[in-house]
2 protein chains.
Amino acid sequence: MKSASSTDKLEEVLGELKKSRLKLTKPRKAILLALVQNHGPFTAEEIHKIISKKVCDLATVYRCVASLEEAEILRRVEFGDDSSRYELAHDTHHHHLICTRCKRVEIVDEPELEEIDRFVKKRGYSNITHSLEFFGICPDCL
Amino acid sequence: MKSASSTDKLEEVLGELKKSRLKLTKPRKAILLALVQNHGPFTAEEIHKIISKKVCDLATVYRCVASLEEAEILRRVEFGDDSSRYELAHDTHHHHLICTRCKRVEIVDEPELEEIDRFVKKRGYSNITHSLEFFGICPDCL
DNA sequence: GTTTTCTTGCGATTCGTTTGCATTTACATT
DNA sequence: AATGTAAATGCAAACGAATCGCAAGAAAAC
């Protein structure tokens, strides 16, 4: 199975948006396009820059990512630096490997890590999610 | 091997503090005592309440936890709710399981999870650390 | 096209955290 | 014990990320 093209992906995501009860507005479309076209989780501020500040106010970006996260179209990621980052939830579950020197972000999607949640299932918890991020110094920075 | 008593633990931690080049001040002693006596990672604000606000200013708590983290006596933990929490770094490496309803925090220290970092070692990264937190609904809240 | 409901812009506001600066304290040195 | 000095503190002001109130604007429903 080939990976979908950028436009395919955008249509897919916009489809998800229509299925939710969220309205299809210009800021939301711009944000989703930005995340389809660009890699890596971004802060609201970064998204605001990418879509161009003329599209909408920064406050609107915050409100959009919040509603899109609620609708499970976006996923929030925390790198422990006091700001939330967002990426398409549609992408397969994965984690990040962040170089603490150059801030490069790599994707980690080892199949063995898929089963992580089972360690807490036996405690009777439900609706389990987890957040796993790696930090280290990348080969280039050594 | 028995777990150390509260006073043993406190002395051990104060020993670490002396070995660092940090001065042994009243606020730092109070904070370490608070973390020896109480479970779970706490925010600066929570620590400030525990040690009693008379001990020092909130700004001092922030400065203390920062220096104690730097000295690797405390460890910072993020639950993705826009505030940092601190616990004794001395305690064995573990993760947290946070009930998203009642905010209860449990410790997760499955031995199988110890080896997590190896998934990124093969990418040539060094000084690897990771942050893994679980979120779910606890049996009592169901 | 009109109504209803959601969304936005803009400014003000909150909240966690940090900082500047004068003062105080811990600790080393005499 | 008195002194010197570098580090730590209190207090208030400043900060940055995120949120909110409200009036105006735009989408979807009728």
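All of these numbers come straight from a predicted model, not from anything done at the bench. Hydrogens, waters and symmetry mates are skipped; everything else that's a heavy atom, side chains included, is used. Numbered from 1 within each chain, the chains take letters A, B, ... in sequence-line order.
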**Report entry** Residue B:Ser83, side-chain atoms from C-beta onward, closest of C:dC21, C:dT17, C:dT8
**Finding:** C:dT17
Query - Nearest-neighbour nucleotide for the B:Cys56 side chain, D:dA18, D:dT9, D:dG21 considered - result: D:dT9
Report task. Check whether any side-chain heavy atom of A:Phe79 sits under 4.5 Å from a side-chain heavy atom of A:Val105, and report yes or no. Result -> yes
Query raised in the report: Quick one: does A:Arg28's side chain have a donor or acceptor within less than 3.5 Å of a partner on A:Cys64's backbone?
Result: no
Query raised in the report: Counting N and O atoms only, with roles assigned by atom type, does the side chain of B:Glu133 sit under 3.5 Å from a partner on the main chain of A:Ser131, one being a donor and the other an acceptor?
Result: no
Report summary line: Taken to the nearest whole Å, NZ/B:Lys29 to P/D:dT9 is 11 Å
Requested in this report: Please determine if a side-chain N or O atom of B:Tyr62 lies less than 4.0 Å away from the OP1 or OP2 oxygen of C:dT17.
Outcome: yes
Report task. Round to the nearest Å and state the distance from B:Tyr86 atom OH to C:dT17 atom P. Result -> 7 Å
Requested in this report: Starting at atom CZ of A:Phe79, determine the distance to atom C1' of D:dA17, rounded to an integer number of angstrom.
Outcome: 17 Å
Query raised in the report: A:Lys23 side chain: which of C:dG16, D:dG10, D:dA28 is closest?
Result: D:dA28
Query raised in the report: Under 4.0 angstrom, heavy atoms only, what part of the nucleic acid is A:Ala66 near: base, sugar-phosphate, or nothing?
Result: nothing
Requested in this report: Nearest whole angstrom, please: distance from the C1' of D:dA17 to the CD1 of A:Ile47.
Outcome: 14 Å
Report task. Hey, which sits more toward the 5' end of DNA chain D by its nearest nucleotide, A:Thr43 or A:Arg63? Result -> A:Thr43
**Report entry** Atom-to-atom span, CG of A:Asp57 to P of C:dG11 - whole angstrom
**Finding:** 9 Å
Query raised in the report: Around atom NZ of B:Lys19, are there more than 12 heavy atoms of other residues, nucleotides or ligands at under 6.0 Å?
Result: no
Requested in this report: Indicate, with a heavy-atom threshold strictly under 4.0 Å, whether A:Leu58 touches base, sugar-phosphate, or nothing.
Outcome: nothing
Query raised in the report: If you measure from the Lys or Arg side-chain nitrogens to the Asp or Glu carboxylate oxygens, is any gap between B:Arg85 and B:Glu87 under 4.0 Å?
Result: no
**Report entry** Euclidean distance, atom NZ of residue A:Lys26 to atom P of D:dA26 [Å, nearest integer]
**Finding:** 9 Å
Query raised in the report: Less than 3.5 Å between a donor and an acceptor, one on the side chain of B:Arg85 and one on the base of C:dG16, is that the case here?
Result: no
Query raised in the report: Any idea which of D:dA8, C:dG16, D:dC22 is nearest the B:Glu45 side chain?
Result: C:dG16
Requested in this report: May I ask you to say what B:Ser84 touches in the nucleic acid, namely base, sugar-phosphate or nothing, with a heavy-atom cut-off under 4.0 Å?
Outcome: sugar-phosphate
Query raised in the report: So what does B:Val61 touch, heavy atoms closer than 4.0 Å: a base, only the sugar-phosphate, or nothing?
Result: nothing
Report task. Ignoring backbone atoms, test whether B:Thr60 places a side-chain nitrogen or oxygen under 4.0 Å from the OP1 or OP2 oxygen of D:dG10. Result -> yes
Requested in this report: Look at B:Arg28 and D:dA8 and indicate whether a side-chain polar atom (N or O) is within less than 4.0 Å of OP1 or OP2.
Outcome: yes
Report summary line: To the nearest angstrom, the CZ-C1' distance between B:Arg76 and C:dT18 comes to 13 Å
Query - Residue pair B:Glu16 / B:His90, side-chain donor-acceptor N/O under 3.5 Å - result: no
Query raised in the report: For the pair made of CZ in B:Arg21 and P in C:dA28, what is the distance, rounded to whole Å?
Result: 14 Å
